[in-house]
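Presented below is the structure to which this report refers.
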Amino acid sequence: VFSDGRRPYQARRNATDISRRLCDGHAVKRNKTLVLFGYDWDRIEFKKLSREWKQAHAGFDLFSFPSSARLAWFDMERFSSLAALRARVQGARAVVSNHEQFGALAAALVAEKTGWPGTPVEAVLACQHKLYAREILERVAPEANIPFRRLDAAYDADIPEGLGYPTFVKPVKAAFSVLARTVHSHQALFDHTRFNRRELWIIRHLVEPFEKIVRRRLPGAGTAHSLMLEESLRGPQYCLDGYCINGEVRRLGIVDAIMYPGTDAFMRWDYPSHLPDKLQEKAEAIAARFLQEVGYTHGFFNMEFVLDEQSGQLKVIECNPRMAAQFSDLYARVDGVQLHEMALALSHGIDPATLPTKEPTAACASSFVYRSFGQTVPVRMPTASQRRAFSDAFPDGMLLQFPKSPGQIKRDFKWLGSYRFGIVHLGGDSPTDLARRCEHASSVLGWTAPYVEHAADLPGFIRNGDAWPAAIGTENASG
């Protein structure tokens, strides 16, 4: 929904007709775009658009060897300088990235070096330095902030006494929810922050490229080589998606985040949101104040909120300076808008609101996340016949599998608390129809449907008595 209450596809239907007349039956020729770190969701969505939107690619996959070996010598400034040079040689005229760890900052640096449209570098740094972002939020929207502090302990060092529990611990700079978890005691925090030599090497090399830019461009933020603590809140979570153009904040929509009860693990993402309109408007106002303060004038953003069950107030979890690429397919199904095409257009300075849209195919859609909570319990991936059966029964469905080695699974449990082994996207005529389709699809794949009533069947899942009633309430509200 835009700030005036219209959904994007409503605002652009006239633009669709105009665009078709201008094209005169032919595809519009676009300048080439440099896509940085375009993996996972971006690989899927950008590939669909590659015929109309010519692309050059740079970056590497952090999770695939031997590509991931480049982490050993990766330097953000050097990479962005070379990427800018090569992009010009290849004929690119814009840059885009939805990659949280390296891509968003690298794209901002490339845009700055080339003079192309882009998010200001300092704005990206302010969003990704989670401690500094909390300090900014305290100035402009204290009612949406929560108590926070830096953990005064180096990686793998002793934990200070006198901390209050439970508390939520997370890295000052991280991505993919790595090492972000609620801990309930001093011992739990100590255990959570123990790292072997290889883990310490990975953590430092993931953070150092960002740290070098922060020291030079945003020195007042302090080091990113640290963990931080936040007050542990309970309540349903939401993600506000939008973009900025010429300093104007435009809201696209809000996605509901449904968690596995009693955990910090996402169970699914539902769109459209069930958050009341007044709270959606409140979320947009908070985002606008924060983005204006950090100088976020251009680019996609995603701000995460929790509706605190004690105060009834929206509290900011974090603001990400890029699109939530996993949600792109949900918006396409429900609103007929292509977020990745919008991102490509915005990278060229084109207002995404002028792009044509497609007819929506569903009234609601979800990204279903399949997890294992039993580290020693083997996860069975669908057989070839099961995958064919899924495709036959759900031609609109999207299936992603994440098979991993025992060592990788062990690291997932340490850093994330669970193992995400699959994702399915589906649309439905209603939440009830969508739940029915998900249960059928899950049965075909041999997996447990990611709904509260089925979660107790997961191996290793501990049914938290306090969290269960609240989770059931959230489930009923969503259905």
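Index from 1, following the sequence.
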| L36/V96 under side-chain contact (heavy atoms from CB on, under 4.5 Å): CA gap, chis, key distance, verdict | CA-CA 6 Å; L36 298 180; V96 68; over 6 Å; no
| Judged by atom type as modelled, is there a donor-acceptor pair below 3.5 Å linking the side chain of Q401 to the main-chain atoms of L399? | no
| Is a salt bridge present between E135 and R139, judged by a nitrogen-to-oxygen distance below 4.0 Å? | no
| note | Rounded to the nearest 0.5 Å, the SG atom of C127 sits from the CD1 atom of I136 at a distance of 9.5 Å
| query | How many angstroms lie between OH in Y155 and CG in L200, if you round to the nearest 0.5 Å? | reply | 9.0 Å
| query | Taking all atoms of both residues into account, what is the closest heavy-atom pair of L189 and L163, and its distance? | reply | CD2-CD1, 3.9 Å
| task | Return yes if some donor-acceptor pair links the side-chain N/O of H192 with the main-chain N/O of L179 below 3.5 Å, else return no. | result | yes
| note | M323 and S328 have their tightest heavy-atom pair at SD-CB, 4.4 Å
| query | So, does R181 use its side chain to make a donor-acceptor pair with the main chain of K170 at under 3.5 Å? | reply | no
| query | Is R134 paired with E230 through a side-chain N to carboxylate O contact shorter than 4.0 Å? | reply | yes
| request: Identify whether the distance between the nearest side-chain nitrogen and carboxylate oxygen of K315 and E231 falls below 4.0 Å. | output: no
| Once you round to the nearest 0.5 Å, how far does CG of L62 lie from CG of L206? | 6.5 Å
| said: Please give me the minimum heavy-atom distance between N302 and C239, naming the atom from each residue. | reply: ND2-CB, 3.6 Å
| Where the side chain of R387 meets the backbone of P382, is there a donor-acceptor pair that is under 3.5 Å apart? | yes
| request: If the plane angle is over 60° it's perpendicular, under 30° parallel, otherwise tilted; pick one for W447 and F421. | output: perpendicular
| So, the side chain of S232 versus the backbone of T167: is there a donor-acceptor pair under 3.5 Å, distance only? | no
| Can you name the closest pair of heavy atoms from L109 and M76 and give their distance? | CD1-CG, 3.5 Å
| query | Taking the six-membered ring for Trp, is the centroid-to-centroid distance between F300 and Y243 below 6.0 Å? | reply | yes
| Close side-chain approach of D241 to I254, heavy-atom, < 4.5 Å | no
| message | As a quick check of understanding, evaluate side chain to side chain donor-acceptor pair (under 3.5 Å) for N320 and E304, giving each step before the final call. | response | CA-CA 8 Å; N320 302 304; E304 302 173 28; 3.0 Å; yes
| said: Please tell me whether H340 and D42 have a donor and an acceptor in their side chains that are separated by less than 3.5 angstrom. | reply: yes
| query | NZ of K282 to CG of L314: how many Å apart, nearest 0.5 Å? | reply | 8.0 Å
| message | Can you list everything that forms a ring-ring contact (aromatic ring centres under 6.0 Å, His included) with F74? Sequence neighbours excluded, please. | response | F60, F79, F102
| message | Between K130 and E318, does any side-chain N to carboxylate O distance fall below 4.0 Å? | response | yes
| query | Is N246 reaching over with its side chain to a backbone N or O of E248, donor-acceptor style, under 3.5 angstrom? | reply | no
| said: Under a plain distance cut-off of 3.5 Å, with no hydrogens placed, do E138 and N145 share a side-chain donor-acceptor pair? | reply: yes
| field | Heavy-atom pair of closest approach, residues P160 and L151 | value | CD-CD1, 4.0 Å
| query | Ring centroid separation for H298 and W116, is it under 6.0 angstrom? | reply | no
| remark: Of all heavy-atom pairs linking T119 and G299, the shortest is OG1-CA, 3.8 Å
| task | Decide yes or no on ring-ring contact (aromatic ring centres under 6.0 Å, His included) for W41 and H99, but give the supporting numbers first. | result | CA-CA 10 Å; W41 302 102; H99 186 263; over 10 Å; no
| message | Taking F266's backbone N and O only, do any of them form a donor-acceptor pair with R371's side chain (distance below 3.5 Å, no angle check)? | response | yes
| Does a side-chain heavy-atom distance below 4.5 Å link V369 with P450? | no
| query | So F290 and Y296, ring-ring contact (aromatic ring centres under 6.0 Å, His included) or not? Walk me through it. | reply | CA-CA 9 Å; F290 175 82; Y296 206 104; 8.5 Å; no
| Is R150 paired with D152 through a side-chain N to carboxylate O contact shorter than 4.0 Å? | no
| request: Give a yes or no answer on whether the side chain of S366 reaches the backbone of F368 with a donor-acceptor pair at less than 3.5 Å. | output: no
| field | Backbone of A157 reached by a side-chain donor or acceptor of R194 within 3.5 Å | value | yes
| Centroid-centroid under 6.0 Å between H184 and Y165 rings | no
| request: Nearest 0.5 Å please: distance from the CG atom of L344 over to the CG atom of L339. | output: 11.0 Å
| task | Answer yes or no: is there an ion pair linking D412 with K404, defined by an N-O contact shorter than 4.0 Å? | result | yes
| query | Is it true that a side-chain atom of H205 and a backbone atom of W201 form a donor plus acceptor pair closer than 3.5 Å? | reply | yes
| Applying the salt bridge (Lys or Arg N to Asp or Glu O under 4.0 Å) test to E284, which of R289, R251, R250 qualifies? | R251
| message | Tell me which one of R204, E208, E211, K173 satisfies side-chain hydrogen bond (donor to acceptor under 3.5 Å, both in side chains) with H225. | response | E208
| task | Specify whether Y331 and Y271 have parallel, tilted or perpendicular ring planes, treating 30° as the upper limit for parallel and 60° as the lower limit for perpendicular. | result | tilted
| request: Dump the intermediate steps for side chain to side chain donor-acceptor pair (under 3.5 Å) on Q326 and S367, then the final yes or no. | output: CA-CA 8 Å; Q326 186 172 347; S367 178; 2.8 Å; yes
